[in-house]
Amino acid sequence: MSIKSICCLGAGYVGGPTMAMIAAKCPDIQVTVADMNEKRIAAWNSDTLPIYEPGLDAVVASARGRNLHFTTDIRGSIAAADLIFVSVGTPTKSYGIGAGRAADLRYIESAARLIAEVSQGHKIIVEKSTIPVKTATAITSILAANSTTGATFQVLSNPEFLAEGTAMEDLMCPDRVLIGGETTPEGNAAVEALAAVYARWIPRERILTTNLWSSELSKLVANAFLAQRISSINSISALCEATGADVDEVARAVGMDSRIGPKFLKASLGFGGSCFQKDILNLVYLCDSFNLPHVAEYWRQVIHLNDWQKSRFVEKIVRTLYNTVNGKRIGVLGFAFKKDTNDTRESPAIHVCRDLLLERAHLAIYDPRVSRETIQQDLLDVGVPADLIASNIEFSPDPYTAATGAHALATLTEWDEFRTLDLPRLHDLMLKPAFIFDGRAVLASDLLKAHGFDAFVIGKGA
Ligand code: NAD
Ligand code: UGA
């Protein structure tokens with residue numbers, strides 16, 4: 001079966017960039033991204049895309065209007081497609097059974113029901129969203145029970161491993177593409193059809209095929225392992241601070257062991273992003289459901305450590321500022337969950353800013369990509385009263401304005417521009433002692449001290 005027309009349900013951080021790359025690499029395949037969010041689709045069709053991702057604008061521009069389309073006509077797009085990616089959100093459930101742990105699969109289910117209702121002939125359905133293992137069974141049964149036209153379906157798992165900020169590089173040159181399918185002749189044919197799409201630009205040896213359950217589970221496990229590395233190095237950051245060791249030096253020494261490897265060993269004030277926490281919670285819930293409490297507890301600890309890392313950073317700030325930040329101006333540098341994205345989902349900055357506001361600090365926040373509306377909404381969502389947000393936050397156009405008259409600065413995102421800040425200028429603008437709390441270790445602590453700052457850099461001993 002050769003694919004001529006692809007549709008993707010969900011025009012988010014995964015659906016948009018992934019489909020743009022497929023369209024750019026496969027000019028003979030029509031690729032339509034469909035979403036009910038009219039504002040988001042309008043932005044995808046405009047010059048200001050709804051997400052910031054280096055290199056994305058050029059890839060979209062190369063294919064949009066030719067074979068890449070963004071639409072709210074979900075039914076029409078499903079009807080026209082040979083292959084349908086489901087790339088809708090799978091957030092942590094906030095209600096009922098499994099609240100706070102299980103994945104909320106309502107968007108997946110409603111997408112499956114709509115596909116069943118609209119489809120005719122044979123279609124390949126691809127789980128692109130991150131889902132609990134065995135979701136393909138649920139999708140298959142919904143499709144079979146709800147099709148009235150005799151349509152047939154093959155469900156594949158094809159999890160996405162891109163990271164925000166490097167999404168286009170990751171899509172262009174992935175470590176691997178994983179495709180799971182039923183081990184039947186029909187399943188193998190569907191796997192081969194999808195593999196042939198990726199093979200247009202990805203070497204065959206990097207296209208890995210497995211059974212459905214291995215593919216679904218591998219995605220959760222990959223994120224759990226990545227997050228575990230961060231919690232591991234963050235746990236060591238606290239020990240470095242206590243002993244006088246330097247966490248970057250330790251990470252380098254440890255990471256040069258080829259069995260360990262150097263990546264993902266950067267200490268921080270905790271990991272954020274929409275997926276690590278939700279996917280580990282999902283894994284923990286699965287383990288509990290399969291009566292594996294020891295396994296569940298092991299992974300739960302990765303999140304506990306991450307929560308502790310965020311709160312100990314705030315405690316460090318409050319304790320250092322003579323046990324009160326009430327009425328004090330603190331310049332906040334960065335709000336996104338990592339550099340090179342405008343995404344703030346689960347950003348550690350949200351937790352730090354919430355706790356500082358509840359201590360009655362005045363925050364002057366600067367982020368090069370995150371809008372003030374997003375910041376306000378994020379803080380409302382975590383329970384900061386609206387009047388406190390209105391009275392105690394100002395939005396600064398640059399780091400120097402944020403620093404003016406500030407008791408302290410806190411670096412919460414590792415934007416490259418913070419590495420080259422004019423330290424003497426910052427020091428002049430601030431109240432004295434001029435405190436800096438660098439939660440991303442972007443600034444060299446000896447340099448900060450040489451310029452007269454009272455500096456705390458995560459993972460750097462005194
Ligand atoms: P997102 O919230 O940015 O986008 C999801 C979109 O799906 C929304 O715009 C929503 O309106 C739309 N949607 C919901 N139901 C729909 C339906 N029935 N038809 C059409 N559109 C529908 O989410 P995201 O960040 O793109 O993540 C999507 C999935 O990919 C999640 O399961 C996530 O875990 C996974 N994932 C995300 C990343 C990442 O970097 N963000 C990376 C890998 C995997
Ligand atoms: C992560 C994974 O890296 C992707 O492979 C996966 O596809 C994606 O989740 C997903 O499933 O959503 P992402 O969250 O976009 O990607 O970004 P990462 O680079 O993994 O960073 C996550 C968080 O960890 C950020 O807050 C980052 O600052 C932090 N981090 C990362 C560290 O604190 N230290 C590190 O060494 C690396």
Side-chain angles (χ1 to χ4, degrees), residues 7-19 33-41 43-44 50-51 53 71-75 77-78 84-92 103-115 127-132 135 158-167 170-171 174-175 219-220 222-227 229-234 237 247-248 251 255 262-279 282 306 309-310 334 336-341 343-349 412-414 439-441 458-459:
C7 145
C8 174
L9 303 184
Y13 284 85
V14 169
T18 310
M19 293 307 118
V33 190
D35 200 305
M36 68 281 263
N37 184 331
E38 290 177 7
K39 209 170 142 206
R40 218 167 199 187
I41 290 297
W44 279 111
I51 65 179
E53 192 63 62
T71 180
T72 52
D73 178 13
I74 300 178
R75 287 169 173 269
S77 313
I78 294 173
I84 300 162
F85 284 99
V86 179
S87 186
V88 301
T90 49
T92 304
D104 189 341
L105 295 179
R106 68 184 142 146
Y107 304 111
I108 295 276
E109 173 159 353
S110 66
R113 286 181 185 276
L114 192 62
I115 291 169
E127 298 170 341
K128 186 51 109 177
S129 302
T130 304
I131 32 74
T135 301
N158 172 222
E160 184 50 60
F161 296 101
L162 69 79
E164 290 177 29
T166 53
D170 296 340
L171 290 166
D175 288 349
K219 173 63 195 176
L220 293 183
N223 273 0
F225 274 44
L226 289 168
R229 275 175 80 93
I230 302 171
S231 279
S232 297
I233 198 69
N234 282 344
S237 74
V247 75
D248 285 335
K263 294 183 182 169
F264 253 68
L265 288 178
K266 182 71 186 159
S268 64
L269 71 164
F271 58 75
S274 62
C275 292
F276 279 171
Q277 176 166 304
K278 113 174 143 57
D279 292 347
N282 190 340
N306 197 51
Q309 185 77 347
K310 289 180 277 192
F337 83 95
K338 62 184 283 195
K339 72 172 183 176
D340 291 340
T341 179
D343 195 350
T344 59
R345 290 177 290 180
E346 297 295 335
S347 177
L412 307 186
T413 310
E414 75 285 18
R440 296 288 189 165
I458 203 96

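Whatever order the structure lists them in is the order used to number ligands and atoms, beginning at 1.
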Q: Using heavy-atom distances, let me know which of I108, V33, V88 sits nearest atom 28 (C) of ligand 1.
A: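 When every heavy atom of I108, V33, V88 is considered, V88 comes closest to atom 28 (C) of ligand 1.
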Q: As a check for students: among K39, K128, M36, E164, identify the option with a heavy atom nearest to atom 40 (O) of ligand 1.
A: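 Residue with the shortest heavy-atom distance to the ligand atom: E164.
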Q: If you count the atoms of ligand 1 from 1 in the order shown, which ones are under 4.0 Å from a heavy atom of S87?
A: 5 (C), 28 (C)
Q: Which part of C275 is near ligand 1, with near meaning a heavy atom under 4.0 Å away: side chain, backbone, both or neither?
A: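 It is the side chain that gets close, since no backbone atom is under 4.0 Å.
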Q: Got a second to check how far L9's CG is from L114's CG, nearest 0.5 Å?
A: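 Reported to 0.5 Å precision, the distance equals 7.5 Å.
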Q: Strictly by modelled atom types, are S347 and K338 linked by a side-chain donor-acceptor pair under 3.5 Å?
A: no
Q: Is the side chain of Q277 donor-acceptor paired with the backbone N or O of G272 at a distance under 3.5 Å, no angle test?
A: no
Q: Please work out whether any backbone atom (N, CA, C, O) or any side-chain heavy atom from C-beta onward of I74 is under 4.0 Å from ligand 1, and answer side chain, backbone, both or neither.
A: side chain
Q: Is it true that a side-chain atom of N223 and a backbone atom of D279 form a donor plus acceptor pair closer than 3.5 Å?
A: no
Q: Quick one: pull up CD1 in I458 and CD1 in I233 and give me the separation to the nearest 0.5 Å.
A: 11.5 Å
Q: Which ligand 1 atoms does A34 reach within 4.0 Å, using its non-hydrogen atoms?
A: 20 (C), 21 (N)
Q: Can you tell me which residue and heavy atom of the protein come closest to atom 2 (O) of ligand 1, and the distance to 0.1 Å?
A: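 Answer, as residue, atom name and distance: R345 NH1, 3.6 Å.
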Q: State the atoms of ligand 1, each with its element, that fall below the 4.0 Å cut-off from a heavy-atom position in K219.
A: 43 (C)
Q: Determine whether a donor-acceptor pair (N or O, by modelled atom type, separation under 3.5 Å) exists between the side chain of S77 and the backbone of D73.
A: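 Looks like yes, one N/O pair under 3.5 Å.
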Q: Heavy atoms only: which of I51, L220, T130, D35 is nearest to atom 11 (O) of ligand 1?
A: D35
Q: What protein heavy atom sits nearest atom 5 (C) of ligand 1, and how far away is it?
A: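 Atom 5 (C) of ligand 1 sits closest to the protein heavy atom G89 N, 3.7 Å.
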Q: Starting from atom 32 (O) of ligand 1, locate the nearest protein heavy atom and write down its residue, its atom name and how far away it is, to 0.1 Å.
A: T90 OG1, 2.6 Å
Q: List every atom of ligand 1 that sits less than 4.0 Å from any heavy atom of L162, numbering the atoms from 1 in the order shown and giving each element.
A: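 Checking each atom against L162, I get 40 (O), 42 (C).
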Q: Thinking salt bridges, do E164 and K339 make one under a 4.0 Å N-O criterion?
A: no
Q: Starting from atom 24 (P) of ligand 1, what is the nearest protein heavy atom, named by residue and atom, and what distance separates them?
A: Y13 N, 3.9 Å
Q: Measure the distance from atom 37 (C) of ligand 1 to every protein heavy atom, then report the residue, atom name and distance (to 0.1 Å) of the closest one.
A: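 Answer for atom 37 (C) of ligand 1: V14 CG2, 3.2 Å.
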Q: Can you pull out the closest protein heavy atom to atom 43 (C) of ligand 1? Residue, atom name and distance to 0.1 Å, please.
A: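 Ranking protein heavy atoms by distance from atom 43 (C) of ligand 1, first comes E160 O, 3.2 Å.
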Q: Using modelled atom types and a 3.5 Å cut-off, is there a donor and acceptor pairing between side-chain atoms of W44 and backbone atoms of A11?
A: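 Answer holds: yes.
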Q: Applying side chain to side chain contact (heavy atoms under 4.5 Å, CB included), can you list everything that pairs with R113, at least two apart in sequence or on another chain?
A: E109, I142, N146
Q: Any donor-acceptor pair under 3.5 Å linking the side chain of E53 with the backbone of T166?
A: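 Yes: the side chain of E53 pairs with the backbone of T166.
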Q: Report the residue from K128, E127, E160 that forms a side-chain contact (heavy atoms from CB on, under 4.5 Å) with S87.
A: K128
Q: Which of the numbered atoms in ligand 1 are under 4.0 angstrom from any heavy atom belonging to G10?
A: 6 (C), 7 (O), 12 (C), 20 (C), 21 (N)
Q: Evaluate the side-chain proximity of S129 to I108: yes if any heavy-atom separation is below 4.5 Å, no if none is.
A: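 Yes, their side chains come closer than 4.5 Å.
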Q: Would you confirm whether T135, through its side chain, and P132, through its main-chain N or O, come within 3.5 Å as a donor-acceptor pair?
A: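 Such a contact is found between T135 side chain and P132 backbone.
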Q: What atoms in ligand 1 come closer than 4.0 Å to a heavy atom of K278?
A: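 So the answer, numbered in order with elements, is 33 (C), 34 (O).
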Q: Is it the case that ligand 1 has an N or O less than 3.5 angstrom from some N or O of R40?
A: yes
Q: Kindly say whether A103 contributes a backbone atom to a donor-acceptor pair with the side chain of T92 at under 3.5 angstrom?
A: no
Q: Sort out the contact shell of ligand 2: every protein residue with a heavy-atom distance below 4.0 Å, listed by chain and number.
A: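 Lining ligand 2: E160, F161, L162, A163, E164, K219, N223, L226, I230, F264, L265, K266, S268, F271, G272, C275, F276, F337, K338, R440.
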Q: Assess, by modelled atom type and distance only, whether the side chains of S237 and Q309 contain a donor and an acceptor separated by less than 3.5 Å.
A: yes
